[in-house]
**Student:** 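Let me give you the structure first, and then I'll get to my questions.
Throughout, protein chains are lettered first and strands after them, A, B, ... in sequence-line order, and every chain is numbered starting at 1.
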2 protein chains.
Amino acid sequence: MRFSIGEFSLITQLSIKSLRLYHEKGILVPAYVDDSSGYRYYNEANCERARSIKILKEFDFSLSAIKDLLDKCRDESDMLVQLEEKLERVKHKIDRYREISHSIASIIELEKECAMEESREFEVEEKELETILIAGHRMRGRYQDVGQGLGLVCKKMGRHINGKPMTLYYDGEYKEEDADFEACVPVRKGKDVDGVSIRELKGGRCVALIHKGPYEALRASYKKVFAYINKRGYKVGTPIREIYKKGPGLILKGNPKNYLTEIQIIIER
Amino acid sequence: MRFSIGEFSLITQLSIKSLRLYHEKGILVPAYVDDSSGYRYYNEANCERARSIKILKEFDFSLSAIKDLLDKCRDESDMLVQLEEKLERVKHKIDRYREISHSIASIIELEKECAMEESREFEVEEKELETILIAGHRMRGRYQDVGQGLGLVCKKMGRHINGKPMTLYYDGEYKEEDADFEACVPVRKGKDVDGVSIRELKGGRCVALIHKGPYEALRASYKKVFAYINKRGYKVGTPIREIYKKGPGLILKGNPKNYLTEIQIIIER
DNA sequence: CATGAGGCCTGCCCTTGGGGGAGAGTCAAG
DNA sequence: CTTGACTCTCCCCCAAGGGCAGGCCTCATG
């Protein structure tokens, strides 16, 4: 009943390297070590301890924790406290990975949705918009600052977000400095928090055009939309909407040439 | 627009050590490095890359994977495949940790149940047993081999197990060599597999005694039970049951002095 | 302009849980 | 006795940095 390290490795399914490490750390000391050759020999009791170590390793305990447990506990009931702590930590890990999984999945979904529209060429179209619930942050200043507003709104709304971010422009004209606009996201539900108000955004018939490319080139698309509207004699309703179907990604900034922005102008009849 | 490493560390919430490491690995190369002093200076573009790195790190990507992704992807859509792979791996981790959590939780529960009974002193008692579904592996040979049988049955039944393991003794007498017994566990459901059969175990009135201590000392408890039965003139029904309420733990072998084994003998009226 | 404080540099060792290999010694069977 | 398979120790390596020592660098203040 004396096993060499190789045999013991086969029995316990622990690598020789590991066994030597466990010996060095005092976690699993061979029953007998030959003084002259240094050969390690293991016995029956070692097998049991090895089994315990394997199980604790599968439970994701560190080697030092395993040593502590095995040295101090005569019985499983002695480990109750540590097991409960471990259980807590494992649950935290599960929660963390679930969040990661959720985030990655939503990025993938977003990307796949966009991929289908990316290859299309876009024309001005008319369609019906439904009334939706939005969370908005009204701002005054320069258009470029809308990014911060969107960040704020998205952060506050977290999991309730229910669509692509958008901007509402309340001015009927282009203003460089003192524009009046609102950073919004559609939400499922939520309540007002500092700076962010929840309300319904009325739907209706609109003229829409998906703009492909950097935001700097939006003017050309606006021109098309207004040309269309004027030709038909429609009346422009405010606020004008810009929906960021695909903008700078959540991870990478991406290539502005692939940005997709939908301009929507409600028309009053 | 030039940040020293300290400032950049505050901006990006990455430690200086990490930043130097990322520089060394080519993951995040400062915009400008002073030749004579070796001082690193970061710019706006570095901030963006740092943000991407942070997010990917939160997604549990390794640094080399992050380097790969950032070097090869101009856009989130380029990362789709890798993101999907990552999602799979994260889900596997969740599954694994869920299994761990389940195992630990059941050990804790088991231990807590036993803890309440451990301090009691036990007397022979009479009670009603309900009919239960069991998975059993009939064996012939020495009683000590029951351990292997229990191992087999538990492994085959896995998650369906619904109670403490037990042995059924079909002999009316003590047999050293050629005993007829069955290793069993209660199960919720399941179907016959090689060597393991599922069936109902009939309940009824029984005489029971919880034995505390090593299995070698079981005889004393059997003596008590039979004394009780004979005194009242009951008739012993087979099979006799031994329920291992607390035996060698799942992790540690534990102290046999604390083992709890319930002897149950159905009495026929 | 000098000086001192604080920031930054490189380099080295440490962590966890081993893997890989070199070079030397050992064991057991033919 | 030899030979091939085992085993020993020692050293370097991985990820993703943390901590510290000793020495420069920068910048604001006197």
**Student:** Run the salt bridge (Lys or Arg N to Asp or Glu O under 4.0 Å) test against A:R2 and tell me which residues pass, sequence neighbours left out.
**Tutor:**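 Result, salt bridge (Lys or Arg N to Asp or Glu O under 4.0 Å) vs A:R2: none returned.
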**Student:** Cut-off 3.5 Å, side chains only: do B:Y97 and A:K93 have a donor facing an acceptor?
**Tutor:**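 Per modelled atom types, B:Y97 and A:K93 side chains form a pair under 3.5 Å.
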**Student:** To the nearest 10 degrees, what angle separates the axes at the start and end of the helix from C:dC1-D:dG30 to C:dG30-D:dC1, five pairs each?
**Tutor:**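 Here the local axes at opposite ends form an angle of 30°.
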**Student:** CZ of A:R89 to CD1 of B:I100: how many Å apart, nearest 0.5 Å?
**Tutor:**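 If we round to the nearest 0.5 Å, A:R89:CZ and B:I100:CD1 are 12.0 Å apart.
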**Student:** With sequence neighbours excluded, what pairs up with B:Y143 under the ring pair (Phe, Tyr, Trp, His ring centres under 6.0 Å) test?
**Tutor:**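 By the ring pair (Phe, Tyr, Trp, His ring centres under 6.0 Å) rule, B:Y143 matches B:Y169, B:Y174, B:F181.
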**Student:** Using side chain to side chain contact (heavy atoms under 4.5 Å, CB included) as the criterion, list what pairs up with B:E7, not counting sequence neighbours.
**Tutor:**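 Per chain and number, B:E7 pairs via side chain to side chain contact (heavy atoms under 4.5 Å, CB included) with B:F3, B:S4.
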**Student:** May I ask you to decide whether A:D75 forms a salt bridge with B:K253, counting only side-chain N to carboxylate O separations under 4.0 Å?
**Tutor:**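 Here A:D75 does not pair with B:K253 in a salt bridge, since their nearest N and O are not under 4.0 Å apart.
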**Student:** Got a sec? Which of residues 5-27 of chain B come in under 4.0 Å of DNA chain D, heavy atoms?
**Tutor:**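 Result for residues 5-27 of chain B: B:S15, B:K17, B:S18, B:L21, B:Y22, B:K25, sorted by number.
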**Student:** Test of understanding: with ring pair (Phe, Tyr, Trp, His ring centres under 6.0 Å), list the residues that count as partners of B:F59, not counting sequence neighbours.
**Tutor:**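 Not a single residue meets the ring pair (Phe, Tyr, Trp, His ring centres under 6.0 Å) criterion with B:F59.
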**Student:** Name the first nucleotide and the last nucleotide along DNA chain D (5' to 3') that come under 4.0 Å of a heavy atom in chain B.
**Tutor:**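 First-to-last contact on DNA chain D, by the 4.0 Å heavy-atom rule, is D:dA15 to D:dT26.
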**Student:** Using atom names, set out every protein N or O paired with an N or O of nucleotides 2-4 of chain C below 3.5 Å, distance rounded to 0.1 Å.
**Tutor:**
none

**Student:** Protein-nucleotides 26-30 of chain C N/O pairs closer than 3.5 Å?
**Tutor:**
from, atom 1, to, atom 2, distance (Å)
C:dT26, O4', A:Y39, OH, 3.3

**Student:** For atom CD of A:Q144, decide whether the heavy atoms of other residues, nucleotides or ligands shown that lie under 6.0 angstrom number more than 12.
**Tutor:**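 Yes, CD of A:Q144 has more than 12 neighbouring heavy atoms, counting only those of other groups under 6.0 Å.
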**Student:** Identify whether NZ of Lys or CZ of Arg in A:K86 sits under 6.0 Å from the centre of the six-membered ring of A:F61 and within 45° of that ring's axis.
**Tutor:**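 Yes, A:K86 lies over the aromatic ring of A:F61.
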**Student:** Would you please name every residue forming a ring pair (Phe, Tyr, Trp, His ring centres under 6.0 Å) with B:Y39, sequence neighbours left out?
**Tutor:**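 B:Y39: no ring pair (Phe, Tyr, Trp, His ring centres under 6.0 Å) contacts found.
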**Student:** Write out all pairs satisfying side chain to side chain donor-acceptor pair (under 3.5 Å) with one or both partners inside residues 62-74 of chain A, taking only residues at least two apart or from two chains.
**Tutor:**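 Sorted result for residues 62-74 of chain A: A:R49-A:D71, A:S62-A:S64, A:K67-A:D71, A:D68-A:K72.
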**Student:** Does the side chain of A:E242 pick up a donor-acceptor pair with the side chain of A:Y244 at under 3.5 Å?
**Tutor:**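 Short answer, yes.
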**Student:** I need the residues from residues 50-65 of chain B with at least one non-hydrogen atom less than 4.0 Å from DNA chain D; give them sorted by number, or say none.
**Tutor:**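 Those residues whose heavy atoms fall under 4.0 Å from DNA chain D, taken from residues 50-65 of chain B in numerical order, are B:K57, B:S62, B:L63.
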